[in-house]
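One structure is given here, and the rest of the page talks about it.
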2 protein chains.
Amino acid sequence: MEKKLTRKEREKQRRRFDILEAAEIIFAEKGFDRTTVEDIAAHSEFAVGTLYNLFSGKEQLYNSLIEIRSKQMSAEVNAVLDKTKGPLEMVRAYVNAKIKLFTKYQYFVCLYSRERLGDRFINHDLWRETIAPLYNGVLSRLVDAIRAGVSQGIFRNDIDPEDIVIALEGLTDGFVYAWLENPDTFPFEEKEQSMIDFFISGALAK
Amino acid sequence: MEKKLTRKEREKQRRRFDILEAAEIIFAEKGFDRTTVEDIAAHSEFAVGTLYNLFSGKEQLYNSLIEIRSKQMSAEVNAVLDKTKGPLEMVRAYVNAKIKLFTKYQYFVCLYSRERLGDRFINHDLWRETIAPLYNGVLSRLVDAIRAGVSQGIFRNDIDPEDIVIALEGLTDGFVYAWLENPDTFPFEEKEQSMIDFFISGALAK
DNA sequence: ATATATTATGAATTATCATTCATTATAAGC
DNA sequence: GCTTATAATGAATGATAATTCATAATATAT
C-alpha cells in the first residue's frame, strides 16, 4: 500500500528529496544555526519561497532529513545484523557495516555527530519518539549478542554487557572522530582490523 | 612576574571570571549560537553593557572561556601524568584523571564535546594555535608511553600506537557521552574499572 | 488556443540578537 | 561634602536571517 502516488506527488517528493540532499551537505558543514535558508535555496537551485512550499520551515526540513537518514541507516545496519550467526560474528559485521555506512552517509554522520548533544536532539519529540528508539534498537541487539556471548563463554563476564557495548561504540567512534576531523587524510576504511583486534583483546601484549 | 595587579585590576578580573562561569553553564546547555548575550547578562547579574566593558564581544568572551579551561585542564592532566612511572601506570592514571577532571569541569566538557566538530573550533586561530597543541601534547605523551610499552613488551605490537591511543580516547569518550546524555542517572565515576579492564584485555573471555 | 490551476519566485516584512552609547550610579581623591 | 573619574546600565541601533505573499511562470484541461 505504498505506490498510490500520482505523478505530481512523485515529482513533489523528488523535489523535496533534492532539497534535502543539498541541505544535508550544508548542515554538515556549518551546523543548523549557521546554515541559512538562502544557502539551502541557492545550493538546491530553488528560490526561498519554493522551499517554503515544500517544507513548513527550516526546522521541519531539518527534521525530515534526520528522520529519513536515521531510518535508512538503521534499516541497513539491521539488515546486516540479521545475517549474522554468532555473537562475535555480529560484532565483526557491525564494525564493518559501521565503516561502510558511515562512509556512505558521511554528511549525515557529520551533522549527527555535531549535534547529538545539542538540545535540538535531546529535547525533541522527533528524537525521543523516532530516532532514539531506532538507535537503541541497534544497540540493544548488540547488548543481547554480548550477553549471549557471555553465556557461551565467548565474552568475559566481569564487565557489564552494556558497558562492553558502550566501549565498542566509543572505540569505533574514536576512529570516526579522527576521520571527521581530517576527512581527507585519515584512512578510516583501513582501521577495521585495529578496531576489531582492540575490541577482542585490548592493548596488552599476549 | 605575575602579582603586579592593583586592587582595581584584581576586581576586574574577578568580575570577568564570574561572567565566564555564568556563561559556561549557558553555553554548555544551549551551545554558542543559541546562547544570547542577554542570557549571559541575566545569569551573571550584570547588564549587557557591562559585559561589553569587560569583553570585546560574545565571541571573545567565549574564546577566553575555552582558553582558560583548556589550559587548566591540560595543566592538571599533565601534572598527573608527570607523576607516573611506567606506561601502564600512565594509562591507568590518565583514565582516573579523565573521570575526575571531566566531572570537575562538567560544563566545559559538555560545551567542548558539543562544538569540537564545529567550525568555531576547527577553523579558528585559537584552536589551531592554542587549544590543539595542548590537546595534542597530552595525546602524544600517551602515544609515547604506548610506544615505550611496546618496546618493553607490555603492549601489543600489531596495532599502531597511535591507533591504540585513538581507541583509548574513544573508548573513554564513549562513557563520557553516555554520561553527558544522561548526567543524572549514568554512574560515570563508577566506570573506571570497566574502562581500564577493557583497555587492557578487550572483550573476549580468557 | 484559451482559460484555469498549480508551482516558483524573490522582494518586502518581521523577528531575533549583537553591539553601541548617552545617561545614571558608584567610588576615589581632596 | 563636593568634584572628578570609573563603572554600570539598558534602551536604541543595525545586521542578519526566517518567513510571507503578491506576482510571474508553467503546466493542465477543455
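Just so we're on the same page: letters track the sequence lines, and every chain starts at 1.
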**Message:** At 4.0 Å (heavy atoms only), tell me whether B:S56 reaches a base, stays on the sugar-phosphate, or touches nothing.
**Reply:**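 Since no nucleic acid heavy atom lies under 4.0 Å of B:S56, the category is nothing.
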**Request:** Give one of base, sugar-phosphate or nothing for B:T50, where a contact means two heavy atoms less than 4.0 Å apart.
**Result:**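 Answer is base: heavy atoms of B:T50 come under 4.0 Å of a base.
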**Message:** According to side-chain contact (heavy atoms from CB on, under 4.5 Å), who are the partners of A:L204, at least two apart in sequence or on a separate chain?
**Reply:**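 Scan of A:L204 (side-chain contact (heavy atoms from CB on, under 4.5 Å), adjacent residues dropped) gives B:L88, B:I154, B:F155, B:I200.
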**Item:** Salt bridge A:D144-A:R147, side-chain N to carboxylate O under 4.0 Å
**Value:**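 So A:D144 pairs with A:R147 through a salt bridge.
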**Request:** In plain terms, say whether A:E192 and A:R92 are close enough for a salt bridge, that is, a side-chain N and a carboxylate O under 4.0 Å apart.
**Result:**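 No, no charged N to carboxylate O under 4.0 Å.
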[X] has an atom [atom1]; how far is it from atom [atom2] of [N], in whole Å?
| X | N | atom1 | atom2 | answer |
| --- | --- | --- | --- | --- |
| A:I40 | C:dG10 | CD1 | P | 17 Å |
| A:E38 | D:dT19 | CD | P | 13 Å |
| A:L54 | C:dA8 | CG | P | 6 Å |
| A:F46 | C:dT9 | CZ | P | 7 Å |
| B:K8 | C:dA27 | NZ | P | 9 Å |
| A:K58 | D:dT16 | NZ | C1' | 11 Å |
| B:E11 | C:dA28 | CD | P | 8 Å |
| A:D33 | C:dA18 | CG | C1' | 15 Å |

Would you tell me if any nitrogen or oxygen in the side chain of [X] comes within less than 4.0 Å of OP1 or OP2 on [N]?
| X | N | result |
| --- | --- | --- |
| B:R34 | C:dT16 | no |
| A:Y52 | D:dT20 | no |
| A:R7 | D:dT28 | yes |

Starting the side chain at C-beta, find the nucleotide from [options] nearest to [X].
| X | options | value |
| --- | --- | --- |
| B:N53 | C:dT9, D:dA8, C:dT20 | D:dA8 |
| A:V37 | D:dT20, D:dA18, C:dT19 | D:dA18 |
| B:R15 | D:dA18, D:dT28, D:dA7 | D:dA7 |
| A:A47 | C:dG10, C:dC17, D:dT9 | C:dG10 |

**Prompt:** Testing A:E76, A:R69, A:K100 for side chain to side chain donor-acceptor pair (under 3.5 Å) with A:Y105, which one passes?
**Reply:**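 Of A:E76, A:R69, A:K100, side chain to side chain donor-acceptor pair (under 3.5 Å) with A:Y105 is met by A:E76 alone.
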Could you list the donor-acceptor pairs under 3.5 angstrom formed between side-chain atoms of residues 126-138 of chain B and any protein atom two or more places apart in sequence or on another chain?
{"unit_1": "B:R128", "atom_1": "NH2", "unit_2": "B:D125", "atom_2": "OD1", "d": "2.9"}
{"unit_1": "B:Y135", "atom_1": "OH", "unit_2": "B:E169", "atom_2": "OE2", "d": "2.7"}
{"unit_1": "B:N136", "atom_1": "ND2", "unit_2": "B:A132", "atom_2": "O", "d": "3.2"}

